[in-house]
Amino acid sequence: MAELYIRVAEDENEEPMEIPSEDDGTVLLSTVAAQFPGACGLRYRNPVSQCMRGVRLVEGILHAPENDWGSLVYVVNYPKGKVYNKRKMDEMDAASAVKMKRSIEKTSDLIILGLPWKTSEQDLKDYFATFGEVIMVQVKRDVKTGNSKGFGFVRFTEYETQSKVISQRHMIDGRWCDCKLPNSKAGPDEPMRSRKIFVGRCTEDITTDELRQFFMQYGEVTDVFIPKPFRAFAFVTFADDQVASALCGEDLIIKGVSVHISNAEPKHNNSRQMMDRGAGASPSLAAMFDQTQYQYPSSHV
DNA sequence: GTTGAGCGTT
């Protein structure tokens, strides 16, 4: 048996992909996993019994049923206990899904503190290019003298690169430098970077503890707030704003209840006309009932 | 011609 391809799909109704077999007619699980990350096996629908059947798997090698793969479509098995979103994020757990979303999240400028006076933009570009593709670098200079002020900015193409760069110190031209999200991006002037989400369509039996337990799977939860009296929504604050923004727009199931996640908007301090709004108000209005102002602790960059 | 925590002329 030479150069055979078998048809494999995420789901019976999905478009199959052709996967190469080995010379002896077997298929390596690793070959399947290369196209379907996380795959742990294959199954297929028996044309006679109409039941699903598992494909024999021995030490990473998948064996054709009846020694012939035929033209059946084989369906990928994944480990149980995963979150199913019915998209491309199907077989990932929630944390991975958030990471995936984060990875396509737009990058932002990073401030570089502690640069040697002599460091040029070319020096910065050369250094940071070793981490990933660089979009721009700047060295801030005195407009009159042209001397460096000892700090600058850098921006990367990939969010992953940005995360890596933030996570460590940098030895640049003989000095240790720090790269951080600039205050202008993390401060109260940038509500878009909120770490707080609005959880709409809550039912009264969902407790703060249960919300915390549920949202923990996406990232560290720093606060949960349910307005009293009950108004069918809640606020959850994460340590990382990227987790919050990744969840916005999602419909999530908590205790069988479909809740809707949206951006928590800063509270208004104008407390006149808002007391006669009912439950189910829009997020922006509902956000007015929040009792805590946004905080941007300096402990978190 | 200096300096060493910070926060970006456009």
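The sequence lines fix the lettering, A, B, ..., with proteins before strands; numbering per chain opens at 1.
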Engineer: Between A/Asn147 (CG) and B/dG4 (P), how many Å, whole number?
Structural biologist: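 That distance rounds to 15 Å.
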
Engineer: Does any donor atom in the side chain of A/Tyr78 or A/Glu10 lie under 3.5 Å from an acceptor atom in the other side chain?
Structural biologist: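 Note: A/Tyr78 and A/Glu10 side chains meet the donor-acceptor criterion.
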
Engineer: Could you check how far CZ of A/Phe151 sits from P of B/dG4, rounded to whole Å?
Structural biologist: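 Roughly 16 Å, once rounded to whole Å.
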
Engineer: What is the distance, rounded to the nearest whole Å, between atom NZ of A/Lys149 and atom C1' of B/dG6?
Structural biologist: 11 Å

Engineer: Over how many whole Å does the gap from A/Phe153 atom CZ to B/dT10 atom C1' extend?
Structural biologist: 14 Å

Engineer: Which nucleotide, B/dG6, B/dG4, B/dG8, lies nearest any side-chain atom of A/Trp117?
Structural biologist: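 Given the options B/dG6, B/dG4, B/dG8, the side chain of A/Trp117 is closest to B/dG4.
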
Engineer: Pick base, sugar-phosphate or nothing for A/Ile112, based on heavy-atom distances below 4.0 Å to the nucleic acid.
Structural biologist: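 It contacts nothing in the nucleic acid.
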
Engineer: Could you pick out which residue, A/Ile111 or A/Leu115, lies toward the 5' side of DNA chain B when each is mapped onto its nearest nucleotide?
Structural biologist: A/Leu115

Engineer: Would you please say whether a donor-acceptor pair under 3.5 Å links the side chains of A/Arg155 and A/Ser108?
Structural biologist: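 The criterion, which ignores hydrogens and geometry beyond distance, is not satisfied for A/Ser108 and A/Arg155.
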
Engineer: Carefully, step by step, assess A/Leu113 and A/Ile111 under the rule side-chain contact (heavy atoms from CB on, under 4.5 Å).
Structural biologist: CA-CA 6 Å; A/Leu113 273 351; A/Ile111 189 167; 3.7 Å; yes

Engineer: Is any side-chain N or O of A/Lys140 closer than 4.0 Å to OP1 or OP2 of B/dT9?
Structural biologist: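 Yes.
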
Engineer: To the nearest angstrom, how far is A/His170 atom NE2 from B/dG4 atom P?
Structural biologist: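 So the two atoms are 23 Å apart, to the nearest Å.
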
Engineer: Quick check for you: among B/dC7, B/dT9, B/dT10, whose closest atom lies nearest to any side-chain atom of A/Gln138?
Structural biologist: B/dT10

Engineer: Return the value, rounded to whole Å, for the distance between atom CZ of A/Arg141 and atom P of B/dG6.
Structural biologist: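 Taking CZ of A/Arg141 and P of B/dG6, I get 23 Å after rounding.
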
Engineer: Judged by modelled atom types alone, do A/Asp205 and A/Thr203 share a side-chain donor-acceptor pair under 3.5 Å?
Structural biologist: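 Checked: A/Asp205/A/Thr203 side chains pair up, N/O donor to acceptor below 3.5 Å.
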
Engineer: Would you say A/Arg201's side chain and A/Phe233's backbone share a donor-acceptor pair under 3.5 angstrom?
Structural biologist: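 Answer holds: no.
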
Engineer: Once you round it to whole Å, what is the distance between P of B/dG4 and CZ of A/Arg169?
Structural biologist: 17 Å

Engineer: Counting side-chain heavy atoms from C-beta on, which of B/dG4, B/dT9, B/dC7 comes nearest to A/Arg175?
Structural biologist: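 Between B/dG4, B/dT9, B/dC7, the one nearest the side chain of A/Arg175 would be B/dG4.
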
Engineer: Once you round it to whole Å, what is the distance between C1' of B/dG8 and NZ of A/Lys180?
Structural biologist: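 So the two atoms are 15 Å apart, to the nearest Å.
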
